Amino acid sequence: MKRNTINPQWDDPYLIDVPSLPQGSWEDNGQQLKLSVPKEFSFSENMKYLSNAPNECLFHIKDHRIYKAVPIGQETPIIEISAEHENVITIRFFGNTTPSRQEVRAAVAGYVSEWFDLETDLRPFYDLAKNDLLLHRAVSEFYGLRNVGIPDLFEALCWGIIGQQINLAFAYTLKRRLVENFGRSVELDGEQYWIFPSPHKIAALAVSDLAVLQMTTKKSEYLIGVAQLIAEGKLTKKRLLATGDYKKAEKMLVSIRGIGPWTANYVLMRCLRIPSAFPIDDVGLHNAIKHLMGTEQKPTKEEILQLSSTWTNWESYATFYLWRFLY
DNA sequence: AGCCAGGACGGTA
DNA sequence: TACCGTCATGGC
């Protein structure tokens, strides 16, 4: 008999911070969901991006399909995301994890819609990019790529903090250790699906609990501090968005210990989807520009501001597209 | 072996 | 405001 087994530490009140409904059109026949996607969307282009994450532990990819456990309230459906045609995304529930309640299925649709940023109209970006020194090649090579995001705020903040000042491969290793030590997993058909630890769980840890994972002491402190803020309800997506202004949201984040300009903009870009969020200190961005410009030295901040002066309100998409040149 | 990595902090001038 | 030493470890 195949059953889902869930780790003991499952008395976990945290609800991931995601929309309860997709904004766009979608269908639900009780067994599977279909999301309509904009014309400027390419499933395979987004899959190429996701396939490149080395050592990713929160989803896996097989035969051009994504498999992932999505925690919604007290349920943890395991979904398969596929696209027979480029213009529609199909979500199937795995095994016996089909949520019986319609609102849970809707939340899953909302999660996927947000993950792939299906609501943004990319046409203005493509228009401005056509004549842009750095972007014209990016938008033709990666046409249909979305700003694939991190819908949950806590996960996005942790990923940003973990990634500070270390190479990406090591960052993935640290994330995996964090998830496998303090997250929970659902097992189905011999596969294990990991779910990111809750803020409550991390908030209750001691610095040494994280430091043994080879996180620096400071990173351990930062993660616990952010977890406490979120667990106490003091830091939410809603509050950040309620500032009504990108710069105010950035200030709110930067005031938190461990979150500097890079992390703040990274999270505003990948989680809150602020179009003008711009992690200008990002080494990856610097390397991409260096690569495209064929220069030996990294661009200065002034040069980047010059090159990006026409990206107004599309800085986050520009950054995301330029990252694609790095792998 | 040595430089670099999807930075941030705390102190100093 | 602007700069600098420090944190600390793995990847290549």
Side-chain angles (χ1 to χ4, degrees), chain A residues 48-58 134 138 142 145 147-150 153 155-181 207-229 235 247 250-274 277-292 295-305 307-308 311 315-327:
Chain A
K48 274 188 217 164
Y49 166 76
L50 287 174
S51 304
N52 218 295
N55 205 13
E56 171 62 57
C57 56
L58 295 176
L134 292 175
F142 312 128
L145 175 68
N147 176 355
V148 181
I150 306 172
L153 179 62
E155 184 186 330
L157 282 165
C158 288
W159 182 230
I161 290 168
I162 287 172
Q164 292 168 3
Q165 184 57 18
I166 59 175
N167 61 69
L168 212 49
F170 183 40
Y172 275 103
T173 299
L174 288 180
K175 179 169 102 168
R176 176 179 287 277
R177 288 178 189 159
L178 181 72
V179 168
E180 292 185 350
N181 278 277
V207 170
S208 56
D209 295 327
L210 291 178
V212 294
L213 307 181
Q214 307 303 96
M215 299 262 198
T216 63
T217 305
K218 287 192 173 179
K219 267 184 198 180
S220 305
E221 291 169 1
Y222 300 161
L223 291 176
I224 292 170
V226 166
Q228 288 171 345
L229 283 176
L235 178 62
K247 280 294 168 191
E250 182 189 21
K251 262 190 180 171
M252 186 183 287
L253 285 171
V254 169
S255 72
I256 298 167
R257 182 172 148 80
I259 301 178
W262 177 82
T263 307
N265 279 276
Y266 183 86
V267 168
L268 290 172
M269 166 183 166
R270 298 208 59 201
C271 183
L272 296 165
R273 308 201 166 280
I274 308 293
F278 192 23
I280 194 167
D281 312 301
D282 184 72
V283 178
L285 176 68
H286 302 169
N287 287 335
I289 293 175
K290 196 172 110 178
H291 166 73
L292 287 170
T295 49
E296 286 291 319
Q297 300 205 333
K298 285 186 182 175
T300 64
K301 189 169 181 179
E302 288 67 31
E303 287 168 333
I304 300 174
L305 286 172
L307 289 163
S308 64
W311 299 352
E315 288 89 346
S316 76
Y317 254 94
T319 303
F320 200 79
Y321 267 67
L322 293 179
W323 279 343
R324 286 290 285 109
F325 283 112
L326 299 174
Y327 36 74

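What you see below is based on every heavy atom in this structure, not just the backbone, and it leaves out hydrogens, waters and symmetry mates. Sequence lines set the chain letters: A, B, ... in the order given, protein chains first and strands last, and positions in each chain run from 1. The structure displayed is predicted, hence computed values, not measured ones.
- Counting 5' to 3', DNA chain C first comes under 4.0 angstrom of a heavy atom of chain A and last does so at the ends given by C:dA8 to C:dG11.
- Rounded to an integer number of Å, the gap from CD1 of A:Ile162 to C1' of B:dA5 is 15 Å.
- A:Ile280 has its CD1 atom 14 Å from the C1' atom of B:dG6, to the nearest Å.
- Judged by distance alone, with hydrogens and angles left aside, the side-chain atoms of A:Arg177 form no donor-acceptor pair with the main-chain N or O of A:Met215 at under 3.5 Å.
- Going from the C1' atom of C:dC4 to that of B:dG6 covers 22 Å, rounded to whole Å.
- A salt bridge does not link A:Glu221 with A:Lys218: every distance from a Lys NZ or Arg NE/NH1/NH2 to an Asp or Glu carboxylate oxygen is 4.0 Å or more.
- C:dA8 and B:dG2 have their C1' atoms separated by 16 Å, with the value rounded to a whole Å.
- Looking at A:Leu253 and A:Leu157, their side chains come closer than 4.5 Å, going by heavy atoms from C-beta outward.
- Pairing each heavy atom of A:Ala211 with each of A:Ser220, the nearest pair is N-OG, 3.4 Å.
- A close approach under 4.0 Å does occur between a side-chain nitrogen or oxygen of A:Lys298 and OP1 or OP2 of B:dA5.
- At B:dC4, none of the side-chain N or O atoms of A:Asn287 fall inside 4.0 Å of OP1 or OP2 (strictly under the cut-off).
- When the P atom is compared between C:dC7 and B:dA1, the two are found 23 Å apart, to the nearest whole Å.
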(message) Does the protein touch nucleotides 7-13 of chain B at the base, only the backbone, or not at all? Give it as B, S and - per nucleotide, heavy atoms under 4.0 Å.
(response) BSSS---
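- Two residues are said to be in side-chain contact when any heavy atoms from C-beta on lie closer than 4.5 Å; A:Trp323 and A:Asp282 meet this criterion.
- Below 30°, between 30° and 60°, or above 60°: for A:Tyr317 and A:Tyr321 the angle between ring planes is between 30° and 60°, a tilted geometry.
- Side-chain contact between A:Pro279 and A:Leu285 is absent, with no heavy-atom pair separated by less than 4.5 Å.
- Remark: A:His291 NE2 to A:Leu322 CG distance equals 10.0 Å, nearest 0.5 Å.
- Between A:Leu168 atom CG and B:dC4 atom P there is a gap of 18 Å when expressed in whole angstrom units.
- For the pair A:Arg273 and A:Val148, the tightest heavy-atom approach, listed with the atom from each and the gap, is NH2-C, 4.0 Å.
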